[in-house]
There are 2 protein chains.
Amino acid sequence: MKIGELARRTGLSLDTIRYYERIGLLPPADRNTARQRDYDPSILTWIAFLRRLKTTGMPIRDMVRYAALRAQGEETAAERGALLRHHRDAVQAHVDELHACLAVLDTKIAGYAGTTREDVNHDPDDQRPGPAPDAQRRR
Amino acid sequence: MKIGELARRTGLSLDTIRYYERIGLLPPADRNTARQRDYDPSILTWIAFLRRLKTTGMPIRDMVRYAALRAQGEETAAERGALLRHHRDAVQAHVDELHACLAVLDTKIAGYAGTTREDVNHDPDDQRPGPAPDAQRRR
DNA sequence: CTAGGTGCTGGAGCGCACTCCAGGTCAAGC
DNA sequence: GCTTGACCTGGAGTGCGCTCCAGCACCTAG
């Protein structure tokens, strides 16, 4: 598989794939006779996993660390496991935080629900809006 | 309340507070006789809300949009409500995605659990690791 | 009267994660 | 033989969200 097809199949851009290789997220690709990158389909699994790490907010430098450990082989398994457990906990904590935020958002949205009616608080934004409601105070 | 105290109470840096004001996230602060910013405590509520928007991944430009609408007063309430509902849905979608990722992470971590034993797959990372497990292939 | 602390402004700089570009190679189709 | 298109490299540029800095003003304590 050449880089163009890999890009289509992963949704990554050509530049991003090459960038990921440069920084060590992807292993140095094999090359065909024309020195073009020639990927084994197994790279798709790895990229899918990288995408999950990214989705869950892992910074690239940590992904690079994980990738480096993985490239070193079997004896780094314990460290990789620890890294993932640590990340899992961070993600879980973030999810909890998001749930709390969602509750606040829903409350606020409920405050806006009666919009243009007068049966709810004037401005759900704050108790003492100070300079807010008198508006047009743009300098 | 002067900017230093606000910084202590919010955990934002002085620079961040001034930056937020510059870009319109915070309303232009009142000034005391020495032209120093003098905050009403109600700003704390607003900043707490901004922090939630940020935690939930709203880009600053969208927060600025929301802040601008809010500063325009009552007649933008509907639009603000729509904006929040839209964001809430995005956050919910992201949370769902995170749950899926957590499941994958847990599976992978389980694969690492038997680390240094041989009763689990050699390398939980992929089915056909290609150049991975033979290691030290750093150029 | 002076020193230290806190605040002010405008503007430069930074780390991150890409993204774009110029100038080139190579293989295949017309 | 020539064009087209996919790919190559090294390096510069971008947008975001701050963060830092120089040089100055002001207030309070000693």
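To find a chain, count down the sequence lines: A is the first, B the second, and so on, and within it residues start at 1. Being a predicted model, the structure only gives us computed values, none of them experimental.
Heavy-atom contacts of chain A under 4.0 Å fall on DNA chain D between two terminal nucleotides, which in 5' to 3' order are dC7(D) to dT9(D).
Nucleotide dC21(C) holds its P atom 14 Å from the CZ atom of Arg18(A), rounded to whole Å. Taking atom CG of residue Leu6(B) and atom P of nucleotide dC8(C), one finds them 11 Å apart after rounding to whole Å. Rounded to whole Å, atom P of dT6(C) lies 13 Å from atom CD1 of Ile3(B). For the pair Gln36(B) CD and dT9(C) P, the computed distance is 10 Å after rounding to whole Å. Here the C1' atom of nucleotide dC18(C) and the CG atom of Leu26(A) are 14 Å apart, to the nearest Å.
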Start with the C-alpha distance between Arg80(A) and Leu84(A), add both sets of side-chain angles, then the distance that settles side chain to side chain contact (heavy atoms under 4.5 Å, CB included), and finish with yes or no. CA-CA 6 Å; Arg80(A) 277 179 276 159; Leu84(A) 287 191; 5.6 Å; no
Which is it for His87(A) and Asp62(A) under the side chain to side chain contact (heavy atoms under 4.5 Å, CB included) test, yes or no, and what are the steps along the way? CA-CA 10 Å; His87(A) 181 58; Asp62(A) 293 357; over 6 Å; no
Start with the C-alpha distance between Ser42(A) and Asp40(A), add both sets of side-chain angles, then the distance that settles side chain to side chain donor-acceptor pair (under 3.5 Å), and finish with yes or no. CA-CA 5 Å; Ser42(A) 67; Asp40(A) 185 286; 2.9 Å; yes
Worked verdict on Glu79(B) versus Arg65(B) for side chain to side chain contact (heavy atoms under 4.5 Å, CB included): CA-CA 10 Å; Glu79(B) 191 171 348; Arg65(B) 240 172 68 72; 3.7 Å; yes
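At dC20(C), none of the side-chain N or O atoms of Tyr19(A) fall inside 4.0 Å of OP1 or OP2 (strictly under the cut-off).
In this pair, Tyr112(A) and Tyr66(B) present their aromatic rings perpendicular. The plane angle is above 60°, beyond the 30 to 60° band.
With sequence neighbours excluded, no residue forms a side-chain hydrogen bond (donor to acceptor under 3.5 Å, both in side chains) with Arg51(B).
Shown for residues 52-65 of chain B: residues whose heavy atoms fall under 4.0 angstrom of DNA chain D, namely Lys54(B), Pro59(B), Ile60(B), Arg61(B).
In this structure a side-chain-to-backbone donor-acceptor pair under 3.5 Å is present from Asp38(A) to Met1(A).
In this structure, CG on Leu26(A) lies 8.0 Å from CG on Leu6(A), to the nearest 0.5 angstrom.
Along DNA chain C, the nucleotide closest to Arg22(B) and the one closest to Lys2(B) are compared, and the more 5′ of them pairs with Lys2(B).
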